[in-house]
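One is the number of the first residue; the rest follow in order along the sequence. Not measured: the values here are computed from a predicted model.
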Amino acid sequence: MKLSNKVEAMQFSPIRKFNPIAQKAKDAGKKVYHLNIGQPDVETPECFMDAIRNYENKVIAYAESGGITDLQDAVSDYFKTYGMNIGRENMIVTTGGSEALTMTFLSILNEGDEVLIAEPFYTNYHTFATSAGGKVVPITTKAEEGYHYATREQIEPLITEKTKAICCINPGNPTGTVLTKEEMKLIGDIAKEHDLWIIADEVYREFAYDGREAVSFGQIAEVEDRVIIIDSVSKRFSACGARIGFLISKNTDFIANVMKIAQGRLCVSTVDQVGAAALFRLPKEYYEEVKAEYCARRDVVYEELMKIPGVVGQKPGGSFYLTAKLPVDNIEDFLMFLLTEFDDNGETVMFAPAEGFYATPGLGKDEMRIAYVLNQEDMRRGVELIRLGIEAYNKR
Ligand SMILES: Cc1ncc(COP(=O)(O)O)c(C=O)c1O
């Protein structure tokens with residue numbers, strides 16, 4: 001039987017594809033530090049489960065396709081704290097930011113259309129764009145330059161008549177790079193001049209460190225009709241399994257048309273929406289506490305990594321990832337070595353090889369992404385295991 005060209009062109013997620021090998025290592029009694037996936041160990045705020053426990057309906061009924069109004073109103077209040085006026089008519093609740101991205105690409109791309117995105121980028125964009133018949137066109141960035149991409153010289157030569165959107169993951173995954181307000185303004189100007197959508201993936205909005213401000217493309221009034229915000233409770237509230245995300249736009253024609261897809265898939269989990277509404281009513285201090293914890297983890301990871309001779313990387317300004325070059329020839333081979341041959345006192349470590357976060361063939365072969373999602377002690381040990389692993393690997 002034949003499969004579609006689309007699915008055959010897709011890749012397995014580099015974040016998850018080594019999990020079966022890690023499982024074998026665990027079955028053999030090794031402890032594996034999982035630095036490969038953005039699954040934080042931070043506890044989900046209790047109010048999530050409390051709200052679900054107190055949910056009194058006798059039937060778990062379908063929700064409205066755009067989301068339950070209680071959640072929409074809580075999200076609307078949250079955006080007010082950013083000076084943004086987002087009403088129910090400007091949002092659709094989705095099954096995670098992932099569904100928001102899939103729906104966006106399905107709604108704005110025709111076969112062969114292109115979306116610009118700085119590489120390395122969150123690897124699943126390949127899958128989301130390909131499933132809609134589109135193509136990712138990378139704006140290549142470099143570790144040595146802090147992965148910056150927001151200049152006219154880097155962006156404009158890549159725009160063709162097929163370009164429909166520029167995607168900005170801000171703060172960045174996998175690089176942790178945070179756009180400045182000037183860079184956002186420039187991207188806004190370019191989008192306006194070339195009539196592009198701006199897909200603003202802001203699922204890490206609050207995780208901006210060292211005095212950097214949490215901001216949104218939705219705050220730039222001149223482009224509000226072309227901004228599509230992707231949002232999610234997964235990272236902000238450490239509620240990845242809740243599968244609640246959002247598509248937000250002031251472009252009511254866009255929202256009205258996405259609603260066709262939303263109605264087709266009926267609705268998002270009703271109970272998870274009830275829990276998510278409670279999360280958005282947490283006080284501002286919650287964000288500060290969580291941010292301080294991730295910032296401390298980042299410092300630990302960066303400090304430990306920089307002790308390894310030959311590592312090239314920058315201190316990330318946001319999100320909870322760090323991408324760096326390691327002094328090994330082939331990162332996937334090194335990861336296999338860590339999982340199958342290496343251990344230190346019965347422990348080993350796993351990260352995500354960065355090659356799958358690039359669209360340009362050949363790039364990222366010596367880079368890895370670390371998610372600093374474990375407590376500080378575990379992060380220190382995880383990076384120590386990388387250091388010991390490199391020594392053992394290069395000695396073979
Ligand atoms: C940049 C970015 N966007 C979107 C997502 C999707 O997250 P979710 O579907 O859990 O909301 C992720 C998950 O890691 C991400 O890193």
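Among all heavy-atom pairs drawn from I92 and S65, the shortest one is CG2-O, 4.1 Å. Closest of all the heavy-atom pairs between F357 and R369 is CE2-NH1, 3.8 Å. When all heavy atoms of Q273 and G67 are compared, the pair lying nearest together is OE1-CA, 3.2 Å. Of all non-hydrogen atoms in A25 and L339, the two that sit nearest each other are CB-O, 3.5 Å.
At least one side-chain heavy atom of I37 sits less than 4.5 Å from a side-chain heavy atom of R16. Proximity of M10 to T127: side-chain heavy atoms (C-beta onward) are separated by under 4.5 Å at one or more points. Between M184 and Q219 the shortest side-chain heavy-atom distance does not fall below 4.5 Å. Residues P40 and C240 have side chains in contact (heavy-atom distance under 4.5 Å, counting atoms from C-beta outward).
Aromatic ring centres of F246 and F280: separated by under 6.0 Å. Residues Y393 and F342 place their aromatic rings such that the two centres sit no closer than 6.0 Å.
A donor atom on one side chain and an acceptor atom on the other are not found under 3.5 Å apart for N19 and Q23. Side-chain contact, H194 with E156: a donor N or O sits under 3.5 Å from an acceptor N or O.
Put simply, the side chain of E99 never gets that close to the backbone of G96: no donor and acceptor are under 3.5 Å apart. The closest donor-acceptor contact from the side chain of T360 to the backbone of L363 lies at 3.5 Å or more, if one exists at all.
Between K291 and E206, no side-chain nitrogen of the basic residue sits less than 4.0 Å from a carboxylate oxygen of the acidic one, so the salt-bridge criterion is not met. Salt-bridge annotation for R281 and D77: absent, with no side-chain N of the basic residue lying under 4.0 Å from a carboxylate O of the acidic one. Salt bridge R381/E377: absent, no basic N to carboxylate O contact under 4.0 Å. Ion pairing between R152 and E193 holds under the 4.0 Å rule for side-chain N and carboxylate O. Between R380 and E304 a salt bridge is recorded (basic side-chain N to carboxylate O distance below 4.0 Å). Ion pairing of R387 with D344 is absent here, as no side-chain N (NZ or NE/NH1/NH2) approaches a carboxylate O to less than 4.0 Å. Taking the charged nitrogens against the carboxylate oxygens, E222 and K192 have no contact shorter than 4.0 Å, which rules out a salt bridge. With respect to D299 and K315, a salt bridge is recorded, a charged nitrogen being found less than 4.0 Å from a carboxylate O.
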Handout entry: side-chain hydrogen bond (donor to acceptor under 3.5 Å, both in side chains) assessment of T130 paired with Q11
Key = CA-CA 10 Å; T130 309; Q11 59 169 17; over 6 Å; no
Exercise for the section: Go through the steps to decide whether I248 and M91 satisfy the test side chain to side chain contact (heavy atoms under 4.5 Å, CB included), and finish with yes or no. Expected result: CA-CA 4 Å; I248 289 157; M91 74 176 92; 3.8 Å; yes
Exercise for the section: Verify side-chain hydrogen bond (donor to acceptor under 3.5 Å, both in side chains) between E202 and S216, making sure each step is shown before the conclusion. Expected result: CA-CA 7 Å; E202 300 178 353; S216 172; 2.7 Å; yes
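Test Y287, F320, Y372, Y321 against F207 for ring-ring contact (aromatic ring centres under 6.0 Å, His included) and you get one pass: F320.
Once rounded to the nearest 0.5 Å, the distance linking CG of D113 with CD of E161 reads 10.0 Å.
Aromatic ring pairs are classed by plane angle as parallel below 30°, tilted from 30° to 60° and perpendicular above 60°; the pair F337 and F334 is parallel.
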